Amino acid sequence: MEISPEKLWTQVLERLQLQLSRPTFETWLKTTSAQQMENNCLVIHTANPFARNWLQKYYIKTIADVVQDILGYPVDIYLTVTAGEENYTIGDSNMPWSFPIIPNTPETVSNQLPKPSKLNPKYIFSRFVVGSNNRMAHAASLAVAESPGREFNPLFLCGGVGLGKTHLMQAIGHFRLENSPEAKIFYVSTEQFTNDLISAIRNDSMQGFREHYRDAEVLLVDDIQFIEGKEYTQEEFFHTFNTLHEAGKQIVLASDRPPNQMTSLQERLCSRFSMGLIADIQPPDLETRMAILQKKAEYENIRLPRSVIEYIATQYTSNIRELEGALIRAVAYVSISGLPMTVESICPILNPPVQAIKTSSEVILDTVAKTFNVPIEDLKGNSRRREISWSRQIAMYLMRQHTDLSLPRIGEEFGGKDHTTVMYSCDKIAQMRETDPALDRKLRQLSDRINLTTKTQNPTPP
Ligand SMILES: Nc1ncnc2c1ncn2[C@@H]1O[C@H](COP(=O)(O)OP(=O)(O)OP(=O)(O)O)[C@@H](O)[C@H]1O
């Protein structure tokens with residue numbers, strides 16, 4: 001069935017209106033329109049660069065899913081703005097807040113050889129701010145980039161969420177490619193490695209899978225903690241690791257914790273992961289946070305008063321992704337509202353997260369169950385009823401914030417859900433929170449309640 005781009009977009013907007021909160025829809029989507037549809041690419045016109053970049057960052061996948069749902073096949077979504085901005089192409093490193101676009105891939109390619117992921121053009125050494133929190137990780141990454149396979153092999157980068165592990169890892173990849181553009185630099189998430197393995201088994205193409213990964217000159221594997229508990233992936237990764245290591249090829253791994261804290265990791269892998277250099281990244285201090293904001297603003301050509309930089313940097317202390325998110329929100333807000341860029345203008349929209357006190361999964365389940373009036377068994381169950389799955393997603397998100405449990409362990413707390421379900425829920429709530437003030441308020445209240453219960457249960461000794 002042929003459908004015009006305008007009609008298609010009207011249907012997409014109708015559905016998105018139901019899925020997204022009102023402020024989100026009104027601010028970012030209401031003024032969009034479809035321009036054309038050609039070669040499986042739907043071109044959407046957005047009101048201004050901020051709306052375009054915001055949609056690109058937070059809603060491109062949601063939009064693509066809805067379009068695919070209506071058409072029955074995937075298409076690429078290309079967001080544009082009016083005159084003056086057309087020179088940007090998606091994935092262009094000059095584009096403010098751009099992210100590399102990974103085209104929707106039809107199912108049929110799953111039986112072909114694994115494809116290495118693209119590198120984010122922004123994740124280069126020159127955009128990385130070095131501070132006391134990441135100095136060693138940065139120096140080691142640079143050394144590895146300059147002489148791969150020599151000094152630190154493997155290089156194991158570890159640290160909390162949003163602290164620059166992926167950035168450094170990909171910077172190594174960019175550096176190598178700049179020096180030798182034909183080099184086989186493979187950047188994969190552990191998830192992708194596992195998926196490639198599964199599809200190789202399914203398609204009887206293990207040989208191709210092995211040859212592909214063992215052909216890497218530099219293998220960069222992100223989120224290696226997700227290999228925990230996956231026996232067969234560990235087995236296969238062990239052999240890939242050995243082949244590459246023996247051939248003097250560089251391996252770089254990133255994880256949210258060091259190898260010896262990864263549960264259900266084979267002993268032989270644990271010792272291999274630890275045999276090079278383990279470099280950890282800590283949360284940045286105030287000066288480093290300010291320098292990161294400053295650099296980001298310079299690259300994006302945004303003039304930020306020092307007072308604003310200082311204000312944002314003081315509010316967001318533990319996660320650079322959140323710090324950058326706050327800057328994006330502030331810039332978008334002043335651009336749309338027409339207010340000057342001052343602390344007074346932006347402070348109402350910058351609500352730093354409530355400091356989440358570490359607690360037990362029971363406290364979280366209990367608080368969410370009481371607040372939403374949903375039995376704990378339902379939170380742990382498989383019901384897809386809207387209010388139950390919504391409460392479950394919120395509980396998963398809060399468990400990520402208020403505990404040190406890994407995603408697979410959180411999945412276990414919810415009756416054995418897969419870690420990808422947990423990851424999806426956490427990402428979804430985190431993204432919605434950014435643009436939905438009512439949800440943000442609710443999550444703050446919940447965090448406050450959880451903190452209070454935890455303090456009451458474990459009062460600090462006088
Ligand atoms: N030192 C830094 N200088 C400049 N930007 C940074 C720095 N550290 C992190 N960032 C930026 O913060 C964001 C999050 O970083 P990144 O994705 O590398 O974190 P991560 O540690 O891999 O997080 P996760 O554990 O969630 O995978 C990125 O946009 C990155 O460019």
Side-chain angles (χ1 to χ4, degrees), residues 53 56-58 93 95-100 117-142 155-174 187-192 220-227 252-258 261-262 278-300 309 312-313 316-329 353 397 400-401 404-407 410 419-420 422-424 426-427 429-431 434:
N53 299 327
Q56 179 67 45
K57 182 169 181 201
Y58 294 110
S93 57
M95 188 174 104
W97 323 113
S98 76
F99 284 75
S117 301
K118 289 183 182 172
L119 300 178
N120 185 329
K122 292 185 169 185
Y123 291 175
I124 49 179
F125 281 118
S126 55
R127 292 183 79 136
F128 191 85
V129 175
V130 184
S132 55
N133 63 311
N134 58 27
R135 198 173 304 283
M136 176 152 103
H138 174 264
S141 301
L142 203 53
L155 172 62
F156 194 101
L157 299 169
C158 69
V161 177
L163 291 183
K165 303 181 292 293
T166 305
H167 188 137
L168 275 182
M169 207 180 210
Q170 294 203 5
I172 298 173
H174 281 298
Y187 166 80
V188 278
S189 61
T190 303
E191 182 108 41
Q192 186 185 333
L220 311 163
V221 186
D222 214 340
D223 290 325
I224 192 72
Q225 73 273 9
F226 291 144
I227 207 167
V252 184
L253 307 167
S255 164
D256 66 1
R257 68 202 86 136
Q261 283 176 28
M262 288 167 65
I278 301 178
D280 82 322
I281 307 183
Q282 294 294 325
D285 57 23
L286 179 66
E287 286 73 26
T288 311
R289 296 199 299 278
M290 287 176 66
I292 290 172
L293 288 174
Q294 183 70 53
K295 180 160 261 186
K296 181 105 190 151
E298 275 162 20
Y299 268 101
E300 312 298 359
I309 294 184
I312 300 178
Y316 292 81
T317 55
S318 57
N319 178 332
I320 299 169
R321 194 174 292 117
E322 283 178 3
L323 183 74
E324 291 185 337
L327 174 61
I328 295 172
R329 270 205 310 287
Y397 171 83
R400 186 80 176 142
Q401 307 286 314
D404 288 326
L405 296 178
S406 65
L407 294 174
I410 295 179
H419 80 265
T420 50
V422 181
M423 192 155 65
Y424 170 80
C426 295
D427 286 352
I429 302 293
Q431 285 179 16
E434 297 237 345

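Each ligand, and each atom within it, is numbered from 1 in the order the structure gives. Just so you know, these numbers come straight off a predicted model, no measurement behind them.
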Give the residue and atom name of whichever protein heavy atom lies nearest to [atom], and the separation in Å to one decimal.
atom                    : answer
atom 19 (O) of ligand 1 : G164 N, 3.1 Å
atom 25 (O) of ligand 1 : K165 NZ, 2.9 Å
atom 22 (O) of ligand 1 : T166 OG1, 2.6 Å
atom 28 (C) of ligand 1 : Y123 OH, 3.5 Å
atom 3 (N) of ligand 1  : V129 N, 2.8 Å
atom 13 (C) of ligand 1 : E324 OE1, 3.6 Å
atom 30 (C) of ligand 1 : H167 ND1, 3.4 Å

Fit a plane to each ring of F128 and H167, take the angle between them on a 0 to 90° scale, and name the class: parallel (under 30°), tilted (30 to 60°) or perpendicular (over 60°).
perpendicular
Nitrogen or oxygen atoms of [X] and ligand 1 under 3.5 Å apart:
X    : answer
I320 : no
G162 : yes
F128 : no
R321 : yes

I'd like to know if the side chain of [X] and the backbone of [Y] have a donor-acceptor N/O pair within less than 3.5 Å.
X    : Y    : value
T288 : P284 : no
D280 : M136 : no
Q225 : D256 : yes
K165 : D222 : no

Numbering as shown, the atoms of ligand 1 that approach G160 to under 4.0 Å (heavy-atom distance)
21 (O)
Considering the heavy atoms of N134, write down every atom of ligand 1 situated less than 4.0 Å from one of them.
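Those of ligand 1 that fall under 4.0 Å from N134 are 1 (N).
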Just to check, does [X] reach to within less than 4.0 Å of ligand 1 when the distance is taken from its heavy atoms?
X    : value
D256 : no
G131 : no
G159 : no

Give the contacting part of I292 toward ligand 1: side chain, backbone, both or neither, where contact means a heavy-atom distance below 4.0 Å.
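Looking at I292 and ligand 1, just side chain atoms fall under 4.0 Å.
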Using a 4.0 Å heavy-atom cut-off, say whether R127 meets ligand 1 through its side chain, its backbone, both or neither.
backbone
Could you tell me whether H174 and Y123 have their ring centroids closer than 6.0 angstrom?
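Aromatic pair excluded; centres sit 6.0 Å or further apart.
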Not counting sequence neighbours, which residues clear side-chain contact (heavy atoms from CB on, under 4.5 Å) with S406? List them please.
E228, R257, P408, R409
Would E322 and R289 count as a salt bridge (Lys or Arg N to Asp or Glu O under 4.0 Å) if you check the C-alpha gap in whole Å, the side-chain angles of each, and the deciding distance to 0.1 Å?
CA-CA 11 Å; E322 283 178 3; R289 296 199 299 278; over 6 Å; no
Kindly indicate, with the supporting measurements, whether the criterion side chain to side chain contact (heavy atoms under 4.5 Å, CB included) is fulfilled by N134 and V129.
CA-CA 9 Å; N134 58 27; V129 175; 5.9 Å; no
Do S189 and D223 have side-chain atoms, one donor and one acceptor, less than 3.5 Å apart?
no
May I ask you to decide whether E324 forms a salt bridge with R329, counting only side-chain N to carboxylate O separations under 4.0 Å?
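Looking at R329 together with E324, the answer is no, because their closest N to O distance does not fall below 4.0 Å.
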